*Asks:* 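Below is one structure. I have some questions about it.
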Amino acid sequence: MPELPEVETLLRQLRQTITSEKICEVRIYDEKLVRFPEMIGRRVREIRRAGKEVEIDLGGPVIHIHLRMSGRLFWRRSGDLIPPHTRFSIAFENGEIICIDPRRFATLTFRSGPSVLRSRPVDILTGMDPREICNRAGRRRLPVKALLLDQRDMPGMGNIYACEILFEAAVSPWRRACDVTAAEWEAIAAAAGRILKEAVLCRGTSISDWRDLFGRPGEYQRRLQVYGREGKTCLRCAARIERRKIGGRGTYFCPGCQK
DNA sequence: CCCTATGTTCCCAA
DNA sequence: CTTGGGAACATAGG
């Protein structure tokens with residue numbers, strides 16, 4: 001269930017672990033995924049991320065991974081045991097990456113062509129421009145949280161951090177995007193920068209089963225201000241946190257101080 | 001049995 | 001064209 005900070009955590013750990021390493025073997029355990037023999041013998045040149053998508057560039061061919069809801073990647077030295085829900089593994093001379101994904105939504109694709117992630121919009125981790133977002137919100141009447149979760153507008157944004165960002169910015173998730181003021185967009189952008197960077201430093205949020213490449217849980221769950229706190233007292237005012245659906249997603253917010 | 005789940009896409013209706 | 005709702009994908013857990 002990785003969002004941007006979790007995928008960024010994996011990206012950094014993958015870079016330090018498999019950069020320049022040579023692929024020895026690729027195993028596929030799920031018939032939904034397809035094997036591509038051209039990977040064998042190639043070395044990892046570069047690893048990129050755009051939003052929640054990851055690309056392992058082999059200097060020509062590219063491996064593309066999206067973990068969706070329940071996908072996880074783990075590094076291990078030896079590959080004798082195959083844990084339940086293992087979907088694929090990519091073995092190198094010094095160890096292997098395995099993907100474990102109970103719900104089987106994760107995708108693994110190979111391309112012989114160049115990167116598809118290079119031409120993507122600016123990453124919200126390196127900075128969202130509040131004026132540009134304000135312009136893009138234009139006359140759109142959907143709830144601001146729905147806009148935040150749109151991957152074309154906010155690549156990498158996920159449900160937990162969208163709730164946290166709107167809480168910190170004190171903006172109601174129900175506000176129409178076109179009614180959010182320039183000052184509020186600035187507050188949202190500032191909150192996003194602070195929260196996402198802090199979450200990366202914490203190696204993500206482990207509410208249930210998120211673990212990093214080395215099997216360690218993240219720490220950001222201890223810093224959550226609103227997500228998962230339905231019925232509890234708001235940490236900023238005296239109101240009670242509510243949960244309602246926006247776009248089918250559980251949305252936590254404080255009716256007292258998010259206006 | 002019911003409901004929920006950190007994601008995304010597609011179809012349909014207003 | 002926009003938006004919102006529901007289903008689908010597939011599984012585990014409360």
Side-chain angles (χ1 to χ4, degrees), chain A residues 1-11 29-33 49-54 64-73 83-88 99-109 116-117 120 124-125 136-167 173-180 192 195-196 198-200 202-213 216-231 242-253:
Chain A
M1 311 168 243
E3 303 184 30
L4 187 148
E6 289 76 23
V7 178
E8 177 68 19
T9 298
L10 287 176
L11 179 81
Y29 301 92
D30 185 338
E31 68 283 354
K32 284 167 69 176
L33 307 173
R49 175 185 65 75
K52 298 163 194 161
E53 301 170 72
V54 170
H64 180 275
I65 297 171
H66 195 309
L67 296 171
R68 303 284 178 126
M69 283 290 271
S70 57
R72 284 166 292 161
L73 293 180
H85 312 305
T86 300
R87 302 307 172 194
F88 65 84
C99 174
I100 295 180
D101 179 25
R103 292 174 71 177
R104 300 171 65 202
F105 292 163
T107 55
L108 169 73
T109 52
V116 291
L117 298 193
R120 293 298 171 82
I124 54 177
L125 185 62
R136 242 185 305 162
R139 271 170 251 83
R140 302 190 65 189
R141 299 176 60 78
L142 77 177
V144 59
K145 181 175 179 252
L147 181 76
L148 286 183
L149 284 175
D150 188 325
Q151 299 299 298
R152 292 164 300 187
D153 292 310
M154 304 283 159
M157 185 68 74
N159 199 37
I160 292 179
Y161 297 107
C163 291
E164 293 295 311
I165 288 163
L166 288 171
F167 177 81
W174 301 94
R175 285 275 295 289
R176 308 249 172 216
C178 56
D179 295 335
V180 174
I195 287 171
L196 294 173
E198 183 66 17
V200 170
C202 289
R203 299 182 343 280
T205 301
S206 294
I207 283 177
S208 57
D209 52 11
W210 157 253
R211 295 295 184 274
D212 71 14
L213 190 66
R216 297 178 66 203
E219 303 289 343
Y220 199 79
Q221 62 276 13
R222 300 193 302 202
R223 292 179 148 78
L224 295 176
Q225 302 291 297
V226 69
Y227 188 88
R229 300 195 70 248
E230 182 183 17
E242 288 183 22
R243 179 176 64 106
R244 277 189 270 161
K245 296 251 184 198
I246 292 180
R249 316 300 302 280
T251 300
Y252 297 85
F253 67 102

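Quantities reported herein were computed from a predicted structural model and do not represent experimental measurements. In the text below, chain A, chain B and the rest are named by the order of the sequence lines, each starting its count at 1.
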*Asks:* Can you tell me, in whole Å, how much space there is between the P of C:dA8 and that of B:dC2?
*Replies:* 15 Å
*Asks:* Rounded to whole angstrom, note down the C1' distance from C:dG4 over to B:dT6.
*Replies:* 22 Å
*Asks:* Could you tell me whether the side chain of A:L10 reaches within less than 4.5 Å of the side chain of A:P2, counting heavy atoms only?
*Replies:* no
*Asks:* Within the side chain of A:S70, is there an N or O that forms a donor-acceptor pair under 3.5 Å with the backbone of A:D101?
*Replies:* no
*Asks:* Do A:R120 and A:P155 come close enough that some side-chain heavy atom pair is under 4.5 Å?
*Replies:* no
*Asks:* So if I take residues 139-162 of chain A and measure heavy-atom distances to DNA chain C, which residues fall below 4.0 Å?
*Replies:* A:R140, A:R141, A:L142, A:P143
*Asks:* For DNA chain B, what residues of residues 245-253 of chain A have any heavy atom nearer than 4.0 Å?
*Replies:* A:K245, A:R249, A:G250
*Asks:* Sequence neighbours left out, what passes ring pair (Phe, Tyr, Trp, His ring centres under 6.0 Å) with A:Y220? Give chain and number order.
*Replies:* A:Y161
*Asks:* OP1 or OP2 of C:dG4 versus the side-chain N and O atoms of A:R176: is any pair under 4.0 Å?
*Replies:* yes
*Asks:* Expressed in whole Å, how much space separates the P atoms belonging to C:dA7 and B:dC3?
*Replies:* 11 Å
*Asks:* What does the B/S/- profile of nucleotides 8-14 of chain C look like, 5' to 3', with a 4.0 Å heavy-atom cutoff to protein?
*Replies:* -BBBS--
*Asks:* Output all residues satisfying side chain to side chain contact (heavy atoms under 4.5 Å, CB included) with A:S208, sequence neighbours left out; order by chain, then residue number.
*Replies:* A:M1
*Asks:* Mind checking what makes side-chain hydrogen bond (donor to acceptor under 3.5 Å, both in side chains) contact with A:H64, not counting sequence neighbours?
*Replies:* A:E53
*Asks:* Could you tell me the boundaries of the chain A footprint on DNA chain B, defined by atoms under 4.0 Å from its heavy atoms?
*Replies:* B:dT4 to B:dT8
*Asks:* Closest approach of A:C99 and A:L67, non-hydrogen atoms and distance?
*Replies:* SG-CD2, 4.4 Å
*Asks:* With a 4.5 Å cut-off on side-chain heavy atoms, are A:L147 and A:V180 touching?
*Replies:* no
*Asks:* With sequence neighbours left out, what residues match A:D30 under side chain to side chain contact (heavy atoms under 4.5 Å, CB included)?
*Replies:* A:K32, A:L33, A:R87, A:R104
*Asks:* Quick check: does any side chain N or O of A:D212 sit under 3.5 Å from a backbone N or O of A:T9, one acting as donor and the other as acceptor?
*Replies:* no
*Asks:* Applying side chain to side chain contact (heavy atoms under 4.5 Å, CB included), can you list everything that pairs with A:M154, at least two apart in sequence or on another chain?
*Replies:* A:I124, A:M128, A:I133, A:L148, A:M157
*Asks:* Does A:S70 reach a base, just sugar-phosphate, or nothing at all? Heavy atoms under 4.0 Å.
*Replies:* nothing
*Asks:* So A:Y227 and A:T205, do their side chains get closer than 4.5 Å, heavy atoms only?
*Replies:* no
*Asks:* What pairs of residues pass the salt bridge (Lys or Arg N to Asp or Glu O under 4.0 Å) test when at least one of them lies in residues 2-11 of chain A, not counting sequence neighbours?
*Replies:* A:E8-A:R12, A:E8-A:R49
*Asks:* Can you list every pair that meets salt bridge (Lys or Arg N to Asp or Glu O under 4.0 Å) and has a residue in residues 142-166 of chain A, with sequence neighbours left out?
*Replies:* A:R136-A:D153, A:R140-A:D153, A:D150-A:R152
*Asks:* Determine whether A:R244 and A:F253 make a side-chain contact, defined as any pair of heavy atoms from C-beta on separated by less than 4.5 Å.
*Replies:* yes
*Asks:* Using a 3.5 Å limit for the pairing distances, which stems of at least 3 consecutive Watson-Crick or G-U wobble pairs does DNA chain B take part in?
*Replies:* B:2-5 with C:11-14, B:7-14 with C:2-9
